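So the structure is just underneath, and the comments pick up after that.
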Amino acid sequence: MQSDASRLGFYLLLAPILLWLVVLIILPHIGLFVVSISEKIGPRDYETGFGNYAAFFTEPLYWRTFARTATMSILATALTLILGFPIAYHIAKLTRGRTKTTLFLMCMIPFWVSELVRTFGWMILLRETGVISNLLQSLGLVDGPVEMLYNDAAIMVGLVYTSILFMVVPLVTTLDSLDDSLIEAGYDLGGTSMAVMREIVIPHAMPGIVSGCIVVFMLSLGNYLTPILLGGKDSLWFTGMIYTQFITRFNWELGSAFGFLLLALSSLVVFAGLKLSRQSLTNTMGRS
Amino acid sequence: MSDPHPDLVCSDLTKDFDAFRAVNHVSFEVPQGSFFSILGPSGCGKTTLLRMIAGFQEPTSGDLRIKGKSMIGVPPNKRPVSMVFQHLALFPTMNIGDNVGFGLRQRGVGKSEIKTRVEQVLDRVGLPGVSERRIDQISGGQKQRVAIARCMVLEPDVLLLDEPLGALDLKLREHMKVELKSLQAAFNTTFVYITHDQSEALVMSDNIAVMNHGQFEQIGTPHEVYHAPSTAFVAGFVGDANRIDGKVAALNGTALTLTSDGGTEMKIDAQAKALSVGQRAQVYLRPEAIELVTSGDGVNVSGGVIDSVLFNGANSSVTVKDQSGSLLKVALPQTGAFATLRKGDKVFTRWDPRQARCYPVAGA
Amino acid sequence: MSDPHPDLVCSDLTKDFDAFRAVNHVSFEVPQGSFFSILGPSGCGKTTLLRMIAGFQEPTSGDLRIKGKSMIGVPPNKRPVSMVFQHLALFPTMNIGDNVGFGLRQRGVGKSEIKTRVEQVLDRVGLPGVSERRIDQISGGQKQRVAIARCMVLEPDVLLLDEPLGALDLKLREHMKVELKSLQAAFNTTFVYITHDQSEALVMSDNIAVMNHGQFEQIGTPHEVYHAPSTAFVAGFVGDANRIDGKVAALNGTALTLTSDGGTEMKIDAQAKALSVGQRAQVYLRPEAIELVTSGDGVNVSGGVIDSVLFNGANSSVTVKDQSGSLLKVALPQTGAFATLRKGDKVFTRWDPRQARCYPVAGA
Amino acid sequence: MIPTVPQPAFAKWCYRAYVTAFFIYLALPLTVVCVFAFNNSVFPSLPWEGFTLAWFFGTDAPFIGVFHERAIIRSIGTSAFVAAWVSGLAVAVGTCNAFLFVRHDFRGKALLYVLMLLPLIIPGVILGISILVFSSAIANTLEDATGLWFDGLRPGLILVILGQFSFITTFATLVISARLQKFDPSLEEAALNLGASKWGAIRQITLPFLLPAIVASAVVATLMSFENFNTTLMLVGSDSPLTITMFDKLKQGSTPVLNAVSLLLIMVSAALGILSLLFQSGKR
Amino acid sequence: DTLRLLTWGGYAPEEVIAMFEAETGHTVEVTTSNNEEMIAKLRATNGGGFDLAQPSQDRIASAQEEFGIYKPIDMTKVNADQFIPSMLVATATNTTYDGEIYGLPHVWGTSGLVVNTAMAGDVTDYTDLCDASVAGKVSYRLKRPTLIGFAYSMGLDPFAAYSDPDAYQGILDQVEAKLTECKPNVKTYWDGGDEIKNLLRSGEVVASMAWDTGGWQLNADNPDITFVAPEAGALGWIDTFVLPARGRADDAAYDWINFVMRPEIAAMITNTAGNFTAAVDGDAGVSADLKARYQGSFDQAAIDNIKWYPPVPAGLETLEGATLDRINAAN
Ligand SMILES: Nc1ncnc2c1ncn2[C@@H]1O[C@H](COP(=O)(O)OP(=O)(O)OP(=O)(O)O)[C@@H](O)[C@H]1O
Ligand SMILES: Nc1ncnc2c1ncn2[C@@H]1O[C@H](COP(=O)(O)OP(=O)(O)OP(=O)(O)O)[C@@H](O)[C@H]1O
Ligand SMILES: [Mg+2]
Ligand SMILES: [Mg+2]
């Protein structure tokens with residue numbers, strides 16, 4: 001019963017999404033790839049080749065930073081999951097009505113302020129002359145000032161803080177949809193708290209866990225501000241390298257190659273995560 | 001009603017939610033191997049009672065014993081009872097075999113033994129060889145049986161069922177009623193079944209407790225509850241009934257005379273508990289207890305016109321409007337007599353004084 | 001069945017979905033002001049048929065006339081029919097008055113006139129003064145009436161209803177059956193009602209069409225459909241029935257003799273359409289057509305033992321297992337006789353040869 | 001683990017303590033940022049020098065308050081402009097997408113859906129650079145060919161808007177699709193049946209039903225646009241939105257003015273967020 | 001017209017803008033940035049988006065060669081009398097590409113050491129930052145000035161090797177070894193002026209390589225902290241005016257140039273930015289404090305010892321970048 005009118009309507013609906021995806025997502029990425037395979041051989045003179053990718057693999061700084069960014073992001077994702085799950089569970093299953101809404105709102109607050117502000121707050125807190133250091137000193141817990149900024153732990157604190165919301169929200173949504181009676185049935189059949197968690201709650205929450213992990217991983221991997229502002233002299237982040245290539249080195253070609261590698265990495269990790277957890281992108285991300 | 005070793009004994013169980021008393025001093029015993037139903041309207045406290053037995057709610061006061069052992073303070077995973085939830089609560093992330101084997105896994109039973117016992121119990125509920133299927137690959141009635149198998153594989157002393165047929169459609173529900181009863185007989189396990197559907201309770205149970213506002217109004221066999229309701233609530237709730245309000249005009253042993261509010265005189269032969277002359281009373285009269293007759297003589301005979309004919313095959317009925325304008329629902333005989341009645345026809349109704357039940361009106 | 005100006009005439013309507021034929025050459029007429037039900041099992045094509053009448057689906061072939069005008073090619077918003085949807089489809093973003101007034105607004109009726117007409121129709125369905133309420137502030141039965149009012153305010157020639165009672169609970173459904181019928185009588189509008197619940201169709205309709213696999217098996221009054229089903233499908237689908245398979249042993253005018261597969265001999269007095277000696281046949285026998293008797297003499301009398309007792313008040317029944325092991329469901333008389341029967345008791349069953357229906361087995 | 005299952009008191013206590021600690025962790029940096037907006041010192045850090053409102057209303061250097069900082073005021077305007085465009089576009093396209101995915105079946109739908117989700121798994125920086133590189137290439141080609149200038153394709157507000165739009169639309173699509181999925185199509189049929197035209201049915205029935213989701217996604221889009229940094233950084237031209245301005249300031253000399261801006265930002269976005277939630281729950 | 005100005009923080013104070021707008025009727029929009037970002041932005045916009053930019057003079061010719069993002073200065077529109085002639089000439093020489101002049105001098109200054117004399121009085125040269133006595137309490141940027149400063153301090157002459165990539169690479173290798181060795185001494189590599197000022201002010205860092213102005217600003221707060229011209233010589237830079245290739249308001253840009261080079265305006269800028277300008281008599285109106293601090297840091301010998309950045313040949317930054325990357329990666 002596809003009449004001509006509804007055909008027309010269909011194409012009218014199809015036009016914006018195609019424009020959006022083709023012009024803003026697909027073509028730019030093709031363009032990025034094209035630039036990444038052009039090598040600069042002199043002022044205003046370029047030729048095609050994989051030299052930029054070769055540069056990435058021959059310079060330890062690049063691939064080490066790359067690997068570091070990946071591992072730290074995975075670590076941050078795992079940490080966020082571990083810290084966020086109990087909170088999501090508390091909100092979804094242990095609170096009702098007004099309390100639930102309030103706690104949920106409180107989880108959202110960090111998201112409502114720009115990342116810059118959040119990071120700025122952590123800097124005020126963590127620095128050697130900052131609030132926590134002073135607090136510890138005045139409590140007599142430490143003798144001198146303690147430096148908590150400029151290290152990987154500070155980056156972790158910031159990354160987890162920045163992305164926890166994106167873990168908690170999908171988790172709350174999926175856990176909310178878990179019928180209490182399933183948990184009760186688990187206990188009724190003799191399960192302990194651990195067993196019920198492992199066999200009933202976690203499998204049910206899997207789509208939420210995966211969706212949360214994907215988003216958190218992407219946010220960490222693509223983060224720029226937190227590692228730059230909170231990290232120390234060894235705390236390099238791959239997005240920082242991309243920025244450096246684009247801005248301070250005027251080397252768009254290498255920067256594009258870096259960008260493409262980061263994209264490949266993120267796709268790979270997301271793909272592996274989906275395969276391992278036997279979920280699909282549509283099923284996890286498409287339902288938030 | 002009294003058994004040397006009842007599987008389940010509740011004495012004076014009470015549950016308060018803040019100021020609201022959901023279950024109010026309920027006491028009962030369920031003998032081993034019997035099918036016990038708790039029947040009551042929505043919100044009367046059935047689920048609360050069942051959840052106290054399962055351990056998901058602590059009684060405010062009273063005791064609860066299973067096989068003689070008090071269950072107060074025992075967590076749900078340590079009680080020898082299993083529960084079939086209203087929406088079954090099958091684990092959607094597991095296949096059927098894993099669902100049924102869940103309880104055994106928790107007890108640390110070996111893999112291969114779990115497998116055989118799961119197969120056995122699925123066999124007994126008539127579902128051999130479905131272990132590998134996902135739960136969305138079987139029908140509603142089959143899910144029902146899987147839920148029961150999941151509990152029965154643990155050999156509980158008492159199986160609790162919270163309106164498990166509520167979600168099924170009509171035809172399947174009719175079928176599962178019979179099936180549940182025969183499963184219970186086959187396993188010979190004590191079933192405690194709650195429902196608000198009187199026909200489920202009547203068809204399946206050995207004993208029925210009729211519950212209202214947190215209290216038991218009557219405990220008895222289906223026959224007793226249907227034919228000898230001990231309170232007005234039971235008479236009205238179990239089965240279809242015409243209610244006639246009136247006043248006691250005369251009282252003579254078990255022979256009562258009442259005048260209905262419409263002015264009709266009624267003769268009733270019943271245990272006249274707590275009734276005295278002049279008191280307001282309610283008479284309950286089942287549609288099938290009323291006969292349509294052609295002549296206007298005799299006890300409890302009155303004339304009227306057919307107000308509507310509800311043809312429904314074997315369950316057809318008519319409503320008759322008497323002179324005072326009040327309506328009486330009368331079941332048509334299954335023999336097909338009176339099938340030609342039409343709206344507006346004149347008829348006479350008659351009923352036996354022993355078929356009516358009469359209760360004083362509280363506070364009147 | 002034939003009327004000079006029927007409101008709705010369908011002739012040879014057919015609808016194919018790809019290779020699947022959902023509605024198969026259906027023809028019928030609905031006279032003005034009558035209540036016409038289409039009764040059939042799930043998936044038989046009822047909704048598809050109704051949606052063709054409403055204009056949401058184009059027939060593959062056949063014609064469809066309302067008040068004599070062909071509706072082929074007319075879009076749904078131009079047809080003089082209104083529809084009550086299965087889940088009512090009340091607009092959640094509007095209050096009740098705006099819901100009911102929606103159709104009038106589309107027609108460009110003036111504000112104040114809409115207001116009065118909405119009030120009027122709400123009055124007629126027994127809901128005066130609810131215009132300002134939101135639709136989640138009224139009960140299920142009231143929503144039903146609002147949905148009807150929303151259609152009736154447009155004074156359609158035909159009102160279509162797609163299982164509107166399906167979502168209601170048992171008690172409310174019983175009540176709404178009677179109410180719908182009286183609303184139809186009050187508006188005197190042609191209703192086309194589809195349902196898979198035979199009791200709804202029997203209670204409300206002037207005429208019932210029984211549908212199966214996209215075809216009409218029988219059109220007739222509730223009485224005809226219940227008491228004189230013209231096909232085996234109708235006999236089995238409408239009302240409860242025992243089915244006995246057997247073979248025609250002898251044939252003599254309307255007097256048939258069959259031998260059941262279990263070996264019992266049955267005498268049947270019926271129109272022996274398309275039956276010949278030696279042919280396989282199905283006999284349908286309603287539980288209420290079978291009597292329990294104490295002695296074993298007479299036509300169609302056979303002995304057996306009670307297999308189970310299903311006590312259900314006025315609708316109690318027993319199943320009797322005969323010598324051959326086949327089960328027969330027998331309704332217990334409403335008088336309460338035989339209430340003392342228990343499983344294993346020996347009984348005799350008897351039935352009148354005129355009460356059974358017999359159909360040849362297709363393809364046998 | 002749920003209220004109806006009894007748990008040891010100690011476990012319950014630990015759990016509650018953890019939840020409390022977590023929310024303190026959430027609140028801490030924001031509280032600190034807000035508190036130091038009132039510090040009477042040119043540095044947003046300890047020691048506490050006393051309370052002042054100068055960082056909001058001050059006019060004398062170095063105590064120039066937010067309301068007298070031209071750069072900040074101007075970039076707030078820029079941010080608002082960008083956010084308005086982004087959320088308008090994202091909601092419009094998101095609504096179209098929702099109708100497309102929920103109401104239509106066509107070949108390649110699953111693929112298109114996955115493509116639509118892709119922006120969620122592309123790091124923001126890469127979105128930024130890919131659009132930058134691509135549009136520069138286009139502009140260079142066009143300029144070489146025509147000799148005209150195509151400044152719209154160079155870093156600037158247009159690219160910032162397009163860059164943010166390119167991933168925020170996915171969120172809008174998801175939120176609106178979820179709501180449209182819950183819409184009972186028979187409501188639209190009912191409207192047709194009652195005499196409404198096809199477009200009339202969508203306008204009078206479907207769109208009002210979608211309104212909560214549309215409002216919610218507009219608010220989320222606005223917030224995301226306001227706080228976006230990674231994509232914007234690569235695409236910004238001479239008009240910089242608030243986060244970029246703040247980042248520049250932070251690099252060059254953070255004074256409590258930044259805290260003051262942050263405080264205002266927190267208040268406004270929290271108010272927006274709460275409003276949208278209230279609106280949603282009121283409509284549900 | 002609207003003048004879109006791409007400049008450093010402090011070079012366009014609010015009061016100056018207000019006066020300029022009142023006088024000329026133009027409006028000014030300021031974007032603050034640094035050398036790399038200025039060039040990166042102009043490259044991305046192909047020389048558009050801004051009407052006037054202020055990169056350092058050594059970064060102009062190579063960028064012009066590579067990207068063609070500037071347009072030549074029309075000297076007829078510039079009031080050349082307002083510029084100190086020697087600086088005007090020097091800048092013109094350094095920013096000539098293909099026979100055209102691209103830059104005018106504006107603000108100049110140096111980078112050297114900012115030291116908390118009470119806690120790290122011994123730090124007098126770049127390499128002293130690697131001394132064990134200040135371990136964990138020093139900071140510098142991981143950028144090219146650091147490489148050059150250390151090279152001088154190690155007795156090398158990097159500027160002389162600018163034209164010889166091989167020689168320059170040799171210098172870079174030595175500096176790389178030194179900086180790698182020095183890495184554990186560093187608290188953090190600073191990035192923005194504010195960051196290093198905060199670190200010094202709070203005492204978290206006691207000695208750092210930094211701009212002279214930073215030291216003088218801190219000195220106002222804490223007399224112990226001040227700018228020290230290193231023994232190997234401070235590094236001198238001149239920030240310029242350049243016209244982006246696609247600026248749309250050249251007239252406004254020239255108006256701005258002529259306006260801010262007036263002595264009294266130049267003094268105002270010096271007072272906020274902390275650095276002196278190339279304006280004739282520009283130091284007349286400068287506050288006495290600032291002059292005193294300047295004199296405290298620079299005696300005549302130190303002034304003579306300032307190493308002025310020559311233009312960076314194209315391609316050299318790639319070598320430096322690789323070196324910086326390796327230092328960054330070292331552990
Ligand atoms: N956790 C609770 N807090 C407060 N009141 C409750 C709670 N649980 C149940 N109630 C109240 O107790 C009463 C009995 O509830 P219960 O669920 O036992 O009824 P029910 O008989 O099972 O009804 P239904 O047939 O509808 O399931 C109800 O009025 C209900 O509102
Ligand atoms: N759009 C369609 N495309 C293909 N097949 C369809 C479509 N709509 C319905 N069908 C098929 O047509 C048959 C009849 O469907 P219909 O909805 O009319 O049944 P129904 O009698 O209303 O059933 P129910 O009582 O379950 O509502 C079904 O087998 C169904 O699968
Ligand atoms: Mg209940
Ligand atoms: Mg249907």
Side-chain angles (χ1 to χ4, degrees), chain C residues 47 50-57 71 74-95 98-109 114 118 134-136 143 146-156 158-164 166-167, chain D residues 91-92 94-95 98-99 102-109 172 175-219 275-284:
Chain C
T47 299
L50 208 69
R51 290 169 62 83
M52 285 195 284
I53 302 174
F56 296 121
Q57 222 119 47
M71 286 292 130
V74 178
N77 47 353
K78 299 276 156 54
R79 297 195 183 192
V81 299
S82 288
M83 182 155 167
V84 176
F85 288 78
Q86 178 152 19
H87 298 284
L88 306 183
L90 294 178
F91 305 133
T93 48
M94 299 180 191
N95 68 22
D98 290 343
N99 257 288
V100 177
F102 184 88
L104 294 175
R105 281 204 302 285
Q106 307 309 314
R107 294 192 181 166
V109 178
I114 292 182
V118 166
R134 286 204 320 272
I135 62 158
D136 53 8
K143 279 185 198 159
V146 170
I148 291 169
R150 188 174 69 174
C151 294
M152 295 317 293
V153 76
L154 297 175
E155 293 164 357
V158 177
L159 184 69
L160 308 173
L161 302 100
D162 186 354
E163 310 200 27
Chain D
V91 165
T95 309
F99 274 94
V102 176
R103 292 288 176 84
H104 290 269
D105 263 316
F106 50 93
R107 242 182 317 128
K109 175 170 165 175
V175 173
I176 299 173
S177 299
R179 177 95 184 158
L180 187 60
Q181 220 125 44
K182 289 197 202 117
F183 181 77
D184 178 1
S186 68
L187 288 178
E188 243 177 53
E189 288 180 348
L192 287 182
N193 185 256
L194 294 169
S197 65
K198 185 111 193 161
W199 168 241
I202 291 180
R203 191 173 45 81
Q204 296 178 73
I205 307 297
T206 319
L207 289 183
F209 179 86
L210 290 182
L211 194 64
I214 289 178
V215 170
S217 54
V219 169
L275 269 183
S276 86
L277 274 185
L278 288 181
F279 182 78
Q280 252 183 315
S281 61
K283 279 277 178 174
R284 208 169 337 236

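Remember, predicted model here, so these are calculated numbers, not experimental data. Just so it is clear: chains get the letters A, B, ... in the order the sequence lines come, proteins before strands, and each one is counted from 1.
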Q.
Just so I understand: if I count every heavy-atom pair under 4.5 Å between each of C:Gly103, C:Ala54, C:Pro75 and chain D, which residue has the most?
A. C:Gly103

(Q) Is there a side-chain contact between D:Asp184 and C:Phe85 in this structure, where contact means two heavy atoms from C-beta onward sitting under 4.5 Å apart? (A) no

Q: Can you tell which part of C:Arg150 gets under 4.5 Å to a heavy atom of chain D, answering side chain, backbone, both or neither?
A: both

Q: Of all the heavy-atom pairs spanning D:Gln204 and C:Met94, show the shortest one and how long it is.
A: O-CE, 3.8 Å

(Q) For the CG atom of D:Asn193 and the CZ atom of C:Arg51, what is their distance to the nearest 0.5 Å? (A) 10.5 Å

Q: Locate the shortest heavy-atom distance separating D:Leu187 from C:Phe91; write the atom from each residue and the value.
A: O-CE2, 3.2 Å

Q) Side chain, backbone, both or neither: which part of D:Ala191 has a non-hydrogen atom closer than 4.5 Å to chain C? A) both

Q) If we only count heavy atoms from C-beta on, is the D:Ile205 to C:Thr93 side-chain gap below 4.5 Å? A) no

Q. Got C:Asn77 and D:Lys198 here, is their nearest side-chain heavy-atom distance under 4.5 Å?
A. no

Q: Quick one: pull up CG in D:Leu192 and CE in C:Met83 and give me the separation to the nearest 0.5 Å.
A: 11.5 Å

Q: Starting at OG of D:Ser186, measure out to NE2 of C:His87 and round the result to the nearest 0.5 Å.
A: 7.5 Å

Q) Checking C:Leu160 against chain D: side chain, backbone, both or neither under 4.5 Å from a heavy atom? A) neither

